[in-house]
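The figures here come from the full heavy-atom set of this structure, side chains too, leaving out hydrogens, waters and symmetry mates.
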Amino acid sequence: MHSITLQPHKKIYFASDFHLGAPDSQSSKLREITLTKWLDSIKHDAQTIFLVGDLFDFWFEYKHVVPKGFLRFLGKIVELQTLGVEFIFFTGNHDLWMFDYFEKELGIKTYREATHFQISQKDFLIGHGDGLGPGDHSYKFLKKIFTSKICQFLFRWLHPDIGMWFGNAWSMDRKTNQRLVAASDFKTKEQEWLYQYSKEVEQSEHHDYYVFGHRHLALDIEINQKSRYINLGEWFISGKNTFADFDGNQLILREFKA
(Lines give C-alpha, C1' and ligand atoms only; values in the text may rest on other atoms or scores of the structure.)
Protein backbone atom coordinates (compact mmCIF):
# COMPACT_ATOMS: atom_id res chain seq x y z
CA MET A 1 0.00 0.00 0.00
CA HIS A 2 1.18 3.52 -0.83
CA SER A 3 0.23 6.48 1.37
CA ILE A 4 -0.37 10.12 0.41
CA THR A 5 -1.07 12.75 3.04
CA LEU A 6 -3.16 15.51 1.49
CA GLN A 7 -1.92 18.99 2.32
CA PRO A 8 -4.36 21.77 3.34
CA HIS A 9 -6.25 23.35 0.43
CA LYS A 10 -4.85 20.79 -2.03
CA LYS A 11 -6.54 18.13 -4.18
CA ILE A 12 -5.73 14.84 -5.87
CA TYR A 13 -6.71 14.66 -9.55
CA PHE A 14 -7.41 11.65 -11.78
CA ALA A 15 -7.75 11.46 -15.59
CA SER A 16 -7.31 8.85 -18.31
CA ASP A 17 -7.83 7.92 -21.95
CA PHE A 18 -6.46 10.94 -23.82
CA HIS A 19 -5.38 8.78 -26.81
CA LEU A 20 -2.93 11.39 -28.06
CA GLY A 21 -1.92 10.69 -31.63
CA ALA A 22 -5.37 9.52 -32.77
CA PRO A 23 -7.10 9.69 -35.12
CA ASP A 24 -4.74 12.16 -36.87
CA SER A 25 -2.11 14.74 -35.96
CA GLN A 26 -4.38 17.78 -36.28
CA SER A 27 -7.18 16.58 -33.99
CA SER A 28 -4.62 15.14 -31.59
CA LYS A 29 -2.88 18.53 -31.41
CA LEU A 30 -6.17 20.25 -30.54
CA ARG A 31 -6.82 17.69 -27.79
CA GLU A 32 -3.28 18.16 -26.50
CA ILE A 33 -3.85 21.92 -26.28
CA THR A 34 -7.06 21.27 -24.32
CA LEU A 35 -5.11 19.03 -21.94
CA THR A 36 -2.52 21.74 -21.30
CA LYS A 37 -5.35 24.19 -20.53
CA TRP A 38 -6.80 21.68 -18.05
CA LEU A 39 -3.42 21.25 -16.35
CA ASP A 40 -3.08 25.04 -16.18
CA SER A 41 -6.53 25.28 -14.57
CA ILE A 42 -5.66 22.87 -11.73
CA LYS A 43 -2.02 23.69 -11.05
CA HIS A 44 -2.91 26.09 -8.21
CA ASP A 45 -4.37 23.35 -5.99
CA ALA A 46 -3.09 20.05 -7.44
CA GLN A 47 -0.90 18.04 -5.10
CA THR A 48 -0.85 14.77 -7.07
CA ILE A 49 -2.20 13.98 -10.55
CA PHE A 50 -2.90 10.35 -11.42
CA LEU A 51 -2.70 9.68 -15.17
CA VAL A 52 -4.59 6.40 -15.42
CA GLY A 53 -3.57 4.94 -18.77
CA ASP A 54 -4.02 5.34 -22.53
CA LEU A 55 -2.40 8.75 -22.56
CA PHE A 56 -1.19 7.83 -26.03
CA ASP A 57 -3.01 5.85 -28.70
CA PHE A 58 0.19 3.91 -29.36
CA TRP A 59 3.53 4.05 -27.59
CA PHE A 60 6.60 1.89 -27.87
CA GLU A 61 10.01 2.68 -26.44
CA TYR A 62 13.06 1.50 -28.29
CA LYS A 63 16.36 1.54 -26.39
CA HIS A 64 17.34 4.95 -27.77
CA VAL A 65 14.12 6.09 -29.49
CA VAL A 66 10.69 7.20 -28.25
CA PRO A 67 7.69 8.41 -30.29
CA LYS A 68 8.03 12.00 -31.46
CA GLY A 69 5.48 14.67 -30.61
CA PHE A 70 3.39 15.49 -27.53
CA LEU A 71 5.86 18.19 -26.45
CA ARG A 72 3.13 20.58 -25.25
CA PHE A 73 1.73 17.92 -22.94
CA LEU A 74 5.09 16.68 -21.67
CA GLY A 75 6.37 20.24 -21.26
CA LYS A 76 3.32 21.18 -19.21
CA ILE A 77 3.97 18.20 -16.95
CA VAL A 78 7.52 19.46 -16.36
CA GLU A 79 6.20 22.95 -15.64
CA LEU A 80 3.80 21.64 -12.98
CA GLN A 81 6.54 19.48 -11.50
CA THR A 82 8.64 22.62 -10.95
CA LEU A 83 5.68 23.95 -8.93
CA GLY A 84 5.78 20.85 -6.73
CA VAL A 85 2.97 18.83 -8.35
CA GLU A 86 3.51 15.06 -8.27
CA PHE A 87 2.49 12.85 -11.21
CA ILE A 88 1.76 9.12 -11.04
CA PHE A 89 1.24 7.10 -14.21
CA PHE A 90 -0.54 3.80 -14.90
CA THR A 91 0.01 2.08 -18.22
CA GLY A 92 -3.08 1.26 -20.28
CA ASN A 93 -3.69 -1.19 -23.08
CA HIS A 94 -2.51 1.39 -25.66
CA ASP A 95 0.65 2.46 -23.86
CA LEU A 96 1.58 -0.75 -22.05
CA TRP A 97 4.94 -0.64 -23.85
CA MET A 98 5.91 2.36 -21.75
CA PHE A 99 9.09 1.11 -20.09
CA ASP A 100 11.31 3.55 -18.17
CA TYR A 101 11.09 6.83 -20.14
CA PHE A 102 8.66 8.53 -17.77
CA GLU A 103 10.61 7.41 -14.73
CA LYS A 104 14.08 8.33 -16.02
CA GLU A 105 13.28 11.52 -17.95
CA LEU A 106 10.38 12.93 -15.92
CA GLY A 107 10.71 11.21 -12.54
CA ILE A 108 7.15 9.87 -12.80
CA LYS A 109 6.50 6.61 -10.99
CA THR A 110 4.95 4.09 -13.40
CA TYR A 111 2.58 1.29 -12.36
CA ARG A 112 1.43 -1.63 -14.52
CA GLU A 113 -1.20 -3.21 -12.28
CA ALA A 114 -4.09 -1.95 -10.15
CA THR A 115 -2.52 -0.63 -6.93
CA HIS A 116 -3.78 0.23 -3.45
CA PHE A 117 -3.24 3.81 -2.27
CA GLN A 118 -4.30 5.34 1.03
CA ILE A 119 -5.02 9.04 0.62
CA SER A 120 -5.94 10.97 3.77
CA GLN A 121 -7.40 7.88 5.47
CA LYS A 122 -9.40 6.83 2.39
CA ASP A 123 -8.52 3.62 0.57
CA PHE A 124 -8.26 3.67 -3.24
CA LEU A 125 -7.69 0.88 -5.73
CA ILE A 126 -6.42 2.57 -8.89
CA GLY A 127 -5.59 1.12 -12.31
CA HIS A 128 -6.37 1.44 -16.00
CA GLY A 129 -8.76 -1.51 -15.83
CA ASP A 130 -7.87 -3.46 -18.95
CA GLY A 131 -8.06 -7.21 -18.51
CA LEU A 132 -9.88 -7.04 -15.16
CA GLY A 133 -13.21 -8.63 -14.38
CA PRO A 134 -15.16 -11.28 -16.29
CA GLY A 135 -15.13 -11.74 -20.06
CA ASP A 136 -12.93 -10.04 -22.68
CA HIS A 137 -10.94 -13.26 -23.06
CA SER A 138 -9.48 -12.34 -26.46
CA TYR A 139 -7.87 -9.18 -25.07
CA LYS A 140 -6.58 -11.01 -21.99
CA PHE A 141 -4.86 -13.47 -24.33
CA LEU A 142 -3.42 -10.63 -26.44
CA LYS A 143 -2.14 -8.85 -23.34
CA LYS A 144 -0.11 -11.91 -22.40
CA ILE A 145 1.48 -11.78 -25.84
CA PHE A 146 2.10 -8.02 -25.74
CA THR A 147 3.71 -8.18 -22.30
CA SER A 148 5.91 -11.12 -23.26
CA LYS A 149 9.61 -10.21 -23.04
CA ILE A 150 10.26 -12.28 -26.15
CA CYS A 151 7.62 -10.44 -28.20
CA GLN A 152 8.87 -7.07 -26.98
CA PHE A 153 12.44 -8.03 -27.90
CA LEU A 154 11.41 -9.10 -31.40
CA PHE A 155 9.32 -5.96 -32.01
CA ARG A 156 12.22 -3.77 -30.91
CA TRP A 157 14.24 -5.11 -33.85
CA LEU A 158 11.80 -3.52 -36.30
CA HIS A 159 12.97 -0.15 -37.59
CA PRO A 160 11.08 2.54 -35.58
CA ASP A 161 9.39 3.87 -38.76
CA ILE A 162 7.99 0.41 -39.45
CA GLY A 163 7.18 -0.38 -35.84
CA MET A 164 5.34 2.88 -35.23
CA TRP A 165 3.43 2.62 -38.51
CA PHE A 166 2.34 -0.91 -37.70
CA GLY A 167 1.41 -0.08 -34.09
CA ASN A 168 -0.62 3.00 -35.00
CA ALA A 169 -2.42 1.20 -37.84
CA TRP A 170 -3.32 -1.76 -35.63
CA SER A 171 -4.41 0.46 -32.76
CA MET A 172 -6.81 2.52 -34.85
CA ASP A 173 -8.29 -0.39 -36.81
CA ARG A 174 -9.09 -2.45 -33.72
CA LYS A 175 -10.65 0.44 -31.87
CA THR A 176 -12.76 2.11 -34.58
CA ASN A 177 -16.05 0.35 -33.91
CA GLN A 178 -15.49 0.22 -30.15
CA ARG A 179 -15.08 4.00 -30.00
CA LEU A 180 -18.25 4.62 -31.96
CA VAL A 181 -20.40 2.54 -29.59
CA ALA A 182 -18.61 3.44 -26.35
CA ALA A 183 -21.11 6.09 -25.29
CA SER A 184 -24.00 3.61 -25.45
CA ASP A 185 -22.10 0.59 -24.16
CA PHE A 186 -23.32 0.79 -20.56
CA LYS A 187 -26.52 -1.12 -19.90
CA THR A 188 -26.68 -2.10 -16.23
CA LYS A 189 -24.11 -2.28 -13.48
CA GLU A 190 -24.46 -6.06 -13.45
CA GLN A 191 -23.11 -6.03 -17.02
CA GLU A 192 -20.30 -3.58 -16.24
CA TRP A 193 -17.23 -5.79 -15.79
CA LEU A 194 -15.13 -3.30 -13.82
CA TYR A 195 -18.03 -2.85 -11.41
CA GLN A 196 -18.17 -6.65 -11.09
CA TYR A 197 -14.41 -6.75 -10.48
CA SER A 198 -14.64 -4.02 -7.83
CA LYS A 199 -17.54 -5.77 -6.13
CA GLU A 200 -15.60 -9.04 -6.00
CA VAL A 201 -12.47 -7.37 -4.55
CA GLU A 202 -14.59 -5.54 -1.97
CA GLN A 203 -15.76 -8.86 -0.54
CA SER A 204 -12.24 -9.64 0.63
CA GLU A 205 -10.56 -6.22 0.98
CA HIS A 206 -12.29 -2.89 1.56
CA HIS A 207 -11.61 0.17 -0.57
CA ASP A 208 -13.55 3.41 -0.38
CA TYR A 209 -13.00 4.08 -4.09
CA TYR A 210 -12.24 1.91 -7.10
CA VAL A 211 -10.87 4.25 -9.79
CA PHE A 212 -10.39 3.00 -13.35
CA GLY A 213 -10.36 4.19 -16.97
CA HIS A 214 -10.44 2.05 -20.12
CA ARG A 215 -14.22 1.97 -20.57
CA HIS A 216 -14.57 5.47 -22.10
CA LEU A 217 -17.62 5.93 -19.88
CA ALA A 218 -17.84 8.40 -16.98
CA LEU A 219 -19.42 6.32 -14.22
CA ASP A 220 -20.03 6.71 -10.49
CA ILE A 221 -21.69 3.57 -9.11
CA GLU A 222 -22.24 2.64 -5.48
CA ILE A 223 -20.90 -0.80 -4.54
CA ASN A 224 -22.16 -0.57 -0.97
CA GLN A 225 -22.71 2.19 1.57
CA LYS A 226 -18.96 2.63 2.00
CA SER A 227 -17.55 1.92 -1.49
CA ARG A 228 -17.94 3.37 -4.99
CA TYR A 229 -16.73 2.42 -8.45
CA ILE A 230 -15.56 5.45 -10.46
CA ASN A 231 -14.74 5.32 -14.15
CA LEU A 232 -12.95 8.40 -15.42
CA GLY A 233 -14.42 8.48 -18.93
CA GLU A 234 -12.32 9.83 -21.82
CA TRP A 235 -11.06 12.87 -23.74
CA PHE A 236 -11.33 11.47 -27.25
CA ILE A 237 -14.82 10.86 -28.67
CA SER A 238 -17.49 12.42 -26.46
CA GLY A 239 -15.90 15.86 -26.03
CA LYS A 240 -16.86 15.81 -22.35
CA ASN A 241 -13.23 15.73 -21.11
CA THR A 242 -14.05 14.10 -17.78
CA PHE A 243 -11.78 13.80 -14.76
CA ALA A 244 -12.15 13.37 -11.00
CA ASP A 245 -10.82 15.25 -8.01
CA PHE A 246 -10.53 14.32 -4.34
CA ASP A 247 -10.38 16.97 -1.60
CA GLY A 248 -9.85 14.61 1.33
CA ASN A 249 -13.56 14.02 1.85
CA GLN A 250 -15.20 13.38 -1.52
CA LEU A 251 -14.20 12.07 -4.92
CA ILE A 252 -16.20 13.90 -7.60
CA LEU A 253 -16.42 13.39 -11.38
CA ARG A 254 -16.26 16.62 -13.37
CA GLU A 255 -16.07 17.88 -16.96
CA PHE A 256 -13.47 20.30 -18.22
CA LYS A 257 -14.73 23.00 -20.54
CA ALA A 258 -11.87 24.82 -22.23
> What is the distance from atom CG of L30 to atom OG of S25, rounded to the nearest 0.5 Å?
Replying inline: 10.0 Å

> Just by distance, with hydrogens left out, do D17 and H214 show a side-chain donor and acceptor under 3.5 Å apart?
Replying inline: no

>> Do D247 and D45 have side chains that approach each other closer than 4.5 Å (heavy atoms only, starting at C-beta)?
In response: no

> Quick one: are L20 and L55 in side-chain contact, heavy atoms under 4.5 Å?
Replying inline: no

> Where do F212 and R215 land on the side-chain contact (heavy atoms from CB on, under 4.5 Å) test, with the steps shown first?
Replying inline: CA-CA 8 Å; F212 298 107; R215 293 285 286 117; over 6 Å; no

>> Is it the case that the side chain of S28 and the backbone of G21 share a donor-acceptor pair, with hydrogens and angles ignored and the cut-off at 3.5 Å?
In response: yes

> Could you state the interatomic distance from CZ (F87) to CD1 (I77), rounded to the nearest 0.5 Å?
Replying inline: 5.0 Å

>> Please check: side-chain N/O of Q47 versus main-chain N/O of V85, any donor-acceptor pairing under 3.5 Å?
In response: no

> Can you tell if the side chain of E255 reaches within under 4.5 Å of the side chain of N241, non-hydrogen atoms only?
Replying inline: no

> Looking at CG of L125 and OG of S227, how far apart are the two atoms once the value is rounded to the nearest 0.5 Å?
Replying inline: 10.5 Å

> Do Y229 and E222 have side-chain N/O donor and acceptor atoms under 3.5 Å apart?
Replying inline: no

> Can you tell me if Q191 and T188 form a side-chain donor-acceptor pair at under 3.5 Å?
Replying inline: yes

> Nearest heavy-atom pair of R72 and E32: which atoms, and what distance?
Replying inline: N-OE2, 3.1 Å

> Under a 4.5 Å side-chain heavy-atom rule over Ile, Leu, Val, Met, Phe, Trp and Tyr, are L74 and I33 clustered together?
Replying inline: no

> Would you say the side chain of E202 lies within less than 4.5 Å of the side chain of K226, judging by non-hydrogen atoms?
Replying inline: no

> So, the side chain of T115 versus the backbone of E113: is there a donor-acceptor pair under 3.5 Å, distance only?
Replying inline: yes

> Between H19 and H216, what is the ring plane arrangement, given parallel below 30°, perpendicular above 60°, and tilted in between?
Replying inline: perpendicular

> If you round to the nearest 0.5 Å, how far is CD of E86 from CD1 of I49?
Replying inline: 10.0 Å

>> As a quick check of understanding, evaluate side-chain contact (heavy atoms from CB on, under 4.5 Å) for H128 and D54, giving each step before the final call.
In response: CA-CA 8 Å; H128 184 63; D54 284 2; 3.3 Å; yes

> Hey, does E192 have a side-chain heavy atom less than 4.5 Å from the side chain of L194?
Replying inline: yes

> Under the side-chain contact (heavy atoms from CB on, under 4.5 Å) criterion, do K199 and K189 qualify, and how do the steps go?
Replying inline: CA-CA 10 Å; K199 185 177 178 181; K189 64 182 182 182; over 6 Å; no

> Under a 4.0 Å N-O cut-off, is there an ion pair linking D40 with K43?
Replying inline: yes

> Looking just at side-chain N and O atoms, do Y210 and D123 make a donor-acceptor pair shorter than 3.5 Å?
Replying inline: no

>> Tell me if the aromatic rings of H116 and H2 count as close, with their centers under 6.0 Å from one another.
In response: no

> Should side-chain heavy atoms under 4.5 Å link Ile, Leu, Val, Met, Phe, Trp and Tyr, which residues sit in the same cluster as F246?
Replying inline: I4, L6, I12, F14, F50, V52, I88, F90, Y111, F117, I119, F124, I126, Y209, V211, I230, L232, L251, L253

> What distance do L39 atom CG and Y13 atom OH have between them, rounded to the nearest 0.5 Å?
Replying inline: 10.5 Å

> Between K104 and Y101, is any pair of side-chain heavy atoms under 4.5 Å apart?
Replying inline: no

>> Go through it in stages, so that I can follow the logic: the residues are I108 and E103, the test is side-chain contact (heavy atoms from CB on, under 4.5 Å), and I'd like the CA-CA distance, side-chain angles, deciding distance and then a yes or no.
In response: CA-CA 5 Å; I108 298 176; E103 292 191 340; 5.8 Å; no

>> Test ring pair (Phe, Tyr, Trp, His ring centres under 6.0 Å) on F18 and F236; report intermediate values, then the result.
In response: CA-CA 6 Å; F18 306 152; F236 182 48; over 10 Å; no

>> Using a 3.5 Å distance criterion without hydrogens, assess whether the side chain of R31 forms a donor-acceptor pair with backbone atoms of Q26.
In response: no

> From W38 CH2 over to F73 CZ, what is the distance, rounded to the nearest 0.5 angstrom?
Replying inline: 8.0 Å

>> Tell me whether D95 contacts the main-chain N or O of M98 through its side chain, where contact means a donor paired with an acceptor under 3.5 Å.
In response: no

>> Let's go through K76 and E79 carefully: what are the C-alpha distance in whole Å and the side-chain angles of both, what is the deciding distance for salt bridge (Lys or Arg N to Asp or Glu O under 4.0 Å) to 0.1 Å, and is it a yes or a no?
In response: CA-CA 5 Å; K76 186 59 65 174; E79 177 187 328; 2.9 Å; yes

>> Do V78 and L35 sit in one hydrophobic cluster, given that two such residues count as connected whenever their side-chain heavy atoms are within less than 4.5 Å of each other, even indirectly?
In response: yes

> Taking only residues two or more places apart in sequence, or in another chain, which ones meet R228 in a side chain to side chain donor-acceptor pair (under 3.5 Å)?
Replying inline: D220

>> To check you understand the geometry: which heavy-atom pair defines the closest contact between G213 and S16, and what is its length?
In response: CA-OG, 3.5 Å

>> Quick check on K240: does its NZ atom have over 12 non-hydrogen neighbours (other residues, nucleotides or ligands) under 6.0 Å away?
In response: no

> Considering residues, nucleotides and ligands other than Q250, do more than 12 of their heavy atoms fall under 6.0 Å from its CD?
Replying inline: no

